[in-house]
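Chain A is the first sequence line, chain B the second, and so forth, proteins listed ahead of strands; every chain is numbered from 1.
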2 protein chains.
Amino acid sequence: MKNGLEELRKKRGIKQEELAEILEVSRQTIGSLENGRYNPSIVLAFKIAKYFNLIIEDIFIYKEE
Amino acid sequence: MKNGLEELRKKRGIKQEELAEILEVSRQTIGSLENGRYNPSIVLAFKIAKYFNLIIEDIFIYKEE
DNA sequence: TAAATATGGAAAGTAAACTTGACATATGTA
DNA sequence: TACATATGTCAAGTTTACTTTCCATATTTA
């Protein structure tokens, strides 16, 4: 699963910590998602998509397997 | 989070057990999702959407909170 | 009636998402 | 140079998704 989170965040000009506060997760969670250490829960994926006015499929690219 | 999984499955005329095999999860996982005991992982949500030729947002309705 | 089929759901265990806390490094700024 | 800011990442702990096993119940079929 790839994602364009880092790029979207930088385009918005906000820090990991700021995005974390908005989404109500820790800064480490944002960093872990941006660096591919794990996938978001579906709830967090929905929150992220809503914040960027996109759908989940625009941000998270499912690679089967 | 609400979802229309049971309805979609029945429209396809398949059993929980058959859908479980297709998605490579247990029958209990399908039952638990249909009855709202927990939410799917984002990977499972993608697999479900793909199987029904829909996007995640068509099947899973995010209610903030 | 009895046996098979489909579903609901609990219990206990594993795996993955997420937390807090800590420390390292790189870069900007005083 | 020194300090602050932003990010990377690890370790240990909690929560939640998911598994396997089991049993209950409702409906269909022999």
Measure from [atom1] on [X] to [atom2] on [N] and round the result to the nearest Å.
X       : N      : atom1 : atom2 : value
A:Leu44 : D:dA17 : CG    : C1'   : 15 Å
B:Glu17 : D:dT19 : CD    : P     : 13 Å
B:Phe60 : D:dA17 : CZ    : P     : 12 Å
B:Ile30 : D:dA17 : CD1   : P     : 14 Å

Quiz prompt | salt_bridge(A:Arg12, A:Glu18) N-O dist < 4.0 Å | solution = no
Distance (rounded to the nearest 0.5 Å) between [X] [atom1] and [Y] [atom2]:
X       : Y       : atom1 : atom2 : answer
A:Met1  : A:Ile59 : CE    : CD1   : 12.0 Å
A:Lys63 : A:Lys2  : NZ    : NZ    : 8.0 Å
A:Ile30 : A:Leu19 : CD1   : CG    : 4.0 Å

Exercise. Quick one: which residue pairs count as a ring pair (Phe, Tyr, Trp, His ring centres under 6.0 Å) with a foot in residues 4-48 of chain B, not counting sequence neighbours?
Key: A:Tyr62-B:Phe46
Quiz item: Taking atom types as modelled, is there a side-chain donor on A:Thr29 or A:Ser26 under 3.5 Å from an acceptor on the other?
Solution: yes
Practice problem: Tell me, please, which residues at least two apart from A:Asp58 pass side chain to side chain contact (heavy atoms under 4.5 Å, CB included). | Solution: A:Leu54, A:Ile55
Exercise. Treat primed atoms plus P, OP1 and OP2 as sugar-phosphate and everything else as base, then score nucleotides 21-30 of chain D 5' to 3': B for base contact with protein heavy atoms under 4.0 Å, S for sugar-phosphate contact only, - for none.
Key: BB--------
Quiz prompt | Any A:Leu33 side-chain heavy atom under 4.5 Å of A:Leu44 side chain | solution = yes
Self-check item: Residues forming a salt bridge (Lys or Arg N to Asp or Glu O under 4.0 Å) with B:Glu6, sequence neighbours excluded
Solution: B:Lys10
Quiz prompt | Single hit among B:Gln28, B:Glu21, B:Glu34 for side chain to side chain donor-acceptor pair (under 3.5 Å) with B:Gln16 | solution = B:Glu34
Quiz item: Would a hydrophobic clustering, with Ile, Leu, Val, Met, Phe, Trp and Tyr connected at side-chain separations under 4.5 Å, put A:Ile56 with A:Ile22?
Solution: yes
Practice problem: Please list, by residue number, the residues of residues 31-39 of chain A whose heavy atoms come closer than 4.0 Å to an atom of DNA chain C; answer none if no residue qualifies. | Solution: A:Tyr38, A:Asn39
Quiz item: Which part of the nucleic acid does B:Thr29 contact within heavy-atom distance under 4.0 Å: base, sugar-phosphate only, or nothing?
Solution: base
Practice problem: Considering only heavy atoms of chain B and a distance under 4.0 Å, specify the first and last nucleotide of DNA chain C in 5' to 3' order that meet this criterion. | Solution: C:dA6 to C:dA10
